[in-house]
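Worksheet: one structure, shown below.
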Amino acid sequence: FRNEHGAALANADSLWEVRLAAGRLLGRDMTPEMRARAKTLLAELAAEVRHPTRPDQPKWISYASEAEVKIGRCLFALAALGQPVRAVVEQEAKDATGDHAKALDMALALLGDRGRVARVASHLTDSPSAMIRFCAVRTLRRLKDRSAIPALRKALRDPYRRRDGSCVRIGAGMIY
């Protein structure tokens, strides 16, 4: 996956997806590799949640900050790995606190833990961190669980505004 100048045409995430797809097509048990990948993603998630990268500035060509993009990438990559990694995420969640625990609630909800949907909905409306609220709404949007509708409606009144004014103007208000 390199061009004629030797530059990479695929990032590490893309290469992993190709490796996983090839292993599945060849009938290999990819569970050990999937669990190892999950541990790598969990470490990236923990690092970004604990020390967010520019959490109040939208990333170029996105409405999300760099931290929100990185957290979302980790969450959705974990979800794509599916049930073989759920136990790894549950083990990590046992000792997690603060925003890290909230991010792991999102990961577990995406992995099918229906009991976590209500927690994610409460993070959307109650978390003091705009970054966590943003990640919660993206998680709930992906889950498409109707029980989250009241929290989503309440979140429309979120008073947060980005410092750079990049929030979306809706009528007389602005929505982050």
Side-chain angles (χ1 to χ4, degrees), residues 1 8-53 55 59 61-127 129 131-152 155:
F1 297 117
L9 297 174
N11 64 19
D13 291 334
S14 298
L15 293 174
W16 161 254
E17 290 174 20
V18 169
R19 178 182 163 86
L20 179 62
R24 286 179 172 166
L25 286 172
L26 294 171
R28 282 191 58 203
D29 177 14
M30 297 295 288
T31 304
E33 290 93 341
M34 293 168 77
R35 288 185 177 143
R37 174 78 175 142
K39 289 178 182 177
T40 301
L41 289 167
L42 287 168
E44 289 177 28
L45 178 66
E48 192 59 38
V49 169
R50 290 182 181 129
H51 305 288
T53 308
K59 188 173 173 151
I61 211 158
S62 176
Y63 52 86
S65 72
E66 191 167 337
E68 294 157 352
V69 168
K70 287 180 180 180
I71 292 168
R73 183 189 61 76
C74 289
L75 290 173
F76 300 142
L78 283 165
L81 293 173
Q83 291 305 309
V85 302
R86 186 169 171 176
V88 176
V89 179
E90 287 172 341
Q91 185 62 37
E92 180 87 7
K94 286 181 182 178
D95 300 324
T97 59
D99 287 346
H100 185 218
K102 293 173 185 173
L104 292 173
D105 284 339
M106 294 174 217
L108 287 166
L110 289 166
L111 285 166
D113 185 341
R114 305 313 302 162
R116 303 277 177 157
V117 175
R119 283 183 174 178
V120 174
S122 73
H123 300 330
L124 170 62
T125 57
D126 300 337
S127 177
S129 167
M131 176 186 72
I132 292 297
R133 294 193 308 271
F134 180 90
C135 293
V137 78
R138 286 185 71 196
T139 300
L140 292 171
R141 182 175 78 182
R142 172 120 357 150
L143 292 172
K144 297 179 181 166
D145 189 310
R146 297 183 67 74
S147 68
I149 290 174
L152 292 165

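To the nearest 0.5 Å, the span separating CG on Asp105 from CG on Asp113 amounts to 8.5 Å. To the nearest 0.5 angstrom, Leu45 atom CG is 5.5 Å from Leu75 atom CG. Going from atom CG of Leu20 over to atom CG of Leu25 covers 9.5 Å, rounded to the nearest 0.5 Å. Rounding to the nearest 0.5 angstrom, the gap separating the CG atom in Asp145 from the CG atom in Leu152 is 10.0 Å. Between atom CG of residue Leu42 and atom CG of residue Leu78 there is a gap of 5.0 Å, rounded to the nearest 0.5 Å.
Between Ala79 and Leu111 the shortest heavy-atom distance is CA-CD2, 3.9 Å. A pairwise comparison of heavy atoms in Glu68 and Pro55 identifies OE2-O, 4.2 Å as the closest pair. Between Arg138 and Val69, the closest heavy-atom pair is NH1-CA, 4.5 Å. Nearest heavy-atom pair across Leu81 and Arg24 is O-NH2, 4.2 Å. The two atoms that bring Arg133 and Ser127 nearest to each other are NH1-O, 2.9 Å, heavy atoms only. Between Ala103 and Val49, the shortest heavy-atom distance links the atoms CB-CG2, 3.9 Å.
Using a 4.5 Å heavy-atom cutoff, the side chains of Arg114 and Leu143 are in contact. The side-chain heavy atoms of His123 and Asp99, taken from C-beta on, include no pair separated by under 4.5 Å. Counting heavy atoms from C-beta outward, Leu140 and Val117 have side chains that approach closer than 4.5 Å. At least one side-chain heavy atom of Ile149 sits under 4.5 Å from a side-chain heavy atom of Arg146. The side-chain heavy atoms of His100 and Leu104, taken from C-beta on, include a pair separated by under 4.5 Å. Glu48 has its side chain out of reach of Cys74: every pair of non-hydrogen atoms, C-beta onward, lies at least 4.5 Å apart. Between Trp16 and Met34, the closest side-chain pair of non-hydrogen atoms falls below 4.5 Å.
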- [ ] Could you give me the CA-CA distance, side-chain angles and deciding distance for Val85 and Arg37, then say whether side chain to side chain contact (heavy atoms under 4.5 Å, CB included) is met?
- [x] CA-CA 9 Å; Val85 302; Arg37 174 78 175 142; over 6 Å; no
**Message:** Between Leu108 and Glu90, does the side chain to side chain contact (heavy atoms under 4.5 Å, CB included) criterion hold? Intermediate values first, please.
**Reply:** CA-CA 7 Å; Leu108 287 166; Glu90 287 172 341; 3.5 Å; yes
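Note on Lys70 versus Glu66: salt bridge recorded, some NZ/NE/NH1/NH2 to OD/OE distance being below 4.0 Å.
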